[in-house]
Amino acid sequence: MIVTKKKPIEEILKALENSSRIFIIGCGDCAATCESGGEKEILEMKALLESSGKTVTGWAIPDSPCIASQTKLHFAKNKKAVDDSDAFLVLACGLGAQSVLENDRNKRPVYIGCDTVFGSILDASGRGFFERCAMCGECVLNITGGICPVARCAKSLLNGPCGGSNKGKCEVDKNNDCAWILIYNRLKELNKLDGLKNIKPAKDHSKATRPRQVVLGQAE
């Protein structure tokens, strides 16, 4: 799940100041779940843009606009409205916006109405979003009991706590559990505490050099 939040309308209008005919694209997956790019948010944005003198030629909600085939499908389904527009406003993550850019043959301006915040898991209530993975390219979950210290430790420490935790809470943010206390307790449950004696080397940051890519069927 990629967490997004709505940008202030003033920032959106500033970006759109040289565009008058807007096609809005939302996201039926992550942004809809985050209440930043579903049908309700698109209709609210449509009303705001129209009250500011813009023309909304149409709108669409691909399940995942970051997937090229879905973006192209909705371009085709809404061809007239898309052709009548002079810009896109994307209510999705930055991946969705850039997918729209790369799959529009006419290369119209693409503007984004959301800020991309982090990758998360979604709790059972459907209302809580929690960062659990830093997407670092070198996963250590097998040796930390399935709990990521890179994402969940404020200092991304790989070899135990910093010494500043107090009563199981992080010294940087006392609302957060110390990741290494969680890891210790989990490894204790698994009877794998001996693994903590193995010093882990520094992260190989070359594995997170950007931009990253994977093409299935090709050698890395």
Side-chain angles (χ1 to χ4, degrees), residues 1-6 27-38 62-68 70 92-96 98-99 114-220:
M1 178 68 62
I2 298 176
V3 177
T4 54
K5 63 179 182 179
K6 292 182 283 188
C27 168
D29 191 1
C30 298
T33 303
C34 295
E35 299 181 357
S36 56
D63 288 341
S64 297
C66 55
I67 299 175
Q70 293 193 23
C93 69
L95 296 173
Q98 291 175 79
S99 177
C114 298
D115 289 318
T116 305
V117 187
F118 58 90
S120 79
I121 62 171
L122 181 64
D123 70 8
S125 74
R127 305 293 299 174
F129 300 84
F130 302 94
E131 185 175 20
R132 294 292 184 262
C133 176
M135 304 179 189
C136 67
E138 190 180 34
C139 192
V140 297
L141 292 183
N142 285 343
I143 56 178
T144 58
I147 297 169
C148 177
V150 181
R152 300 189 67 174
C153 171
K155 302 174 184 179
S156 297
L157 299 178
L158 293 177
N159 288 292
C162 63
S165 61
N166 183 29
K167 297 180 180 179
K169 296 297 182 179
C170 174
E171 70 169 346
V172 175
D173 185 344
K174 293 180 173 54
N175 292 316
N176 289 331
D177 293 324
C178 170
W180 276 100
I181 297 297
L182 297 176
I183 291 169
Y184 176 89
N185 290 335
R186 179 58 178 157
L187 291 176
K188 185 177 181 180
E189 290 175 356
L190 297 172
N191 196 28
K192 292 184 177 181
L193 283 176
D194 283 348
L196 291 176
K197 298 176 183 178
N198 300 321
I199 302 301
K200 291 171 280 298
K203 295 286 291 183
D204 179 0
H205 292 288
S206 69
K207 294 181 178 179
T209 301
R210 291 180 171 84
R212 291 176 277 185
Q213 66 179 30
V214 173
V215 179
L216 298 181
Q218 292 186 5
E220 294 185 2

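Any value given below was found using the heavy atoms of this structure, including those in side chains, with hydrogens, waters and symmetry copies removed.
For the pair Thr33 and Leu122, the minimum side-chain heavy-atom distance is below 4.5 Å. Contact of the Ile121 side chain with the Met1 side chain is not registered, since no non-hydrogen atoms from C-beta on lie closer than 4.5 Å. Side-chain contact between Cys27 and Pro65: present, with at least one pair of heavy atoms (C-beta onward) separated by less than 4.5 Å. In this structure, the side chains of Ile67 and Pro62 stay at 4.5 Å or more apart for every pair of heavy atoms. Cys178 places a side-chain heavy atom less than 4.5 Å from the side chain of Pro161.
Applying the side chain to side chain contact (heavy atoms under 4.5 Å, CB included) rule to Ala68 yields the partners Asn103; only residues at least two apart in sequence or on another chain are considered. With sequence neighbours excluded, the residues forming a salt bridge (Lys or Arg N to Asp or Glu O under 4.0 Å) with Asp177 are Lys169, listed by chain and number. Every residue two or more places apart in sequence or in another chain was checked for a side-chain hydrogen bond (donor to acceptor under 3.5 Å, both in side chains) with Thr144, and none qualifies. Applying the salt bridge (Lys or Arg N to Asp or Glu O under 4.0 Å) rule to Arg132 yields no partners; only residues at least two apart in sequence or on another chain are considered. The side-chain hydrogen bond (donor to acceptor under 3.5 Å, both in side chains) test applied to Asp204 returns Ser206, not counting sequence neighbours. Judged as a side chain to side chain contact (heavy atoms under 4.5 Å, CB included), and not counting sequence neighbours, the contacts of Asp123 are Ser125, Phe130. Remark: Asp115 pairs with Lys7 by the salt bridge (Lys or Arg N to Asp or Glu O under 4.0 Å) rule, at least two apart or across chains. Cys34 pairs by the side chain to side chain contact (heavy atoms under 4.5 Å, CB included) definition with Val3, Thr4, Ser36, Phe129, not counting sequence neighbours. Shown here are the side-chain hydrogen bond (donor to acceptor under 3.5 Å, both in side chains) partners of Lys5, two or more places apart in sequence or in another chain: there are none. For the side chain to side chain contact (heavy atoms under 4.5 Å, CB included) test, residues two or more places apart in sequence or in another chain that qualify with Ala134 are Val150, Ala151.
The stretch residues 153-164 participates, sequence neighbours left out, in these salt bridge (Lys or Arg N to Asp or Glu O under 4.0 Å) pairs: Lys155-Glu171.
Contact record, Gly168 with Ile181: CA-CG1, 4.2 Å, taken as the closest heavy-atom pair. Closest non-hydrogen pair, Cys148 versus Leu141, comes out as N-CD2, 3.5 Å.
Note that OG of Ser156 is 9.0 Å distant from NZ of Lys203, once rounded to the nearest 0.5 Å. The CG atom of Asp29 sits 8.0 Å away from the SG atom of Cys66 when rounded to the nearest 0.5 Å.
In this structure a side-chain-to-backbone donor-acceptor pair under 3.5 Å is missing from Trp180 to Ser165. Formation of a donor-acceptor pair under 3.5 Å by the Thr116 side chain with backbone atoms of Cys93 is not found in this model. With hydrogens and angles disregarded, no donor-acceptor distance shorter than 3.5 Å links the side chain of Glu131 to the backbone of Ser120.
Other residues, nucleotides and ligands contribute only 12 or fewer heavy atoms inside 6.0 Å of the CG atom of Asn142.
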Less than 3.5 Å apart, which donor and acceptor atoms pair up between the side chains of residues 189-201 and the rest of the protein, not counting sequence neighbours?
from   : atom 1 : to     : atom 2 : distance (Å)
Glu189 : OE1    : Arg186 : NH1    : 3.1
Lys200 : NZ     : Leu158 : O      : 3.2

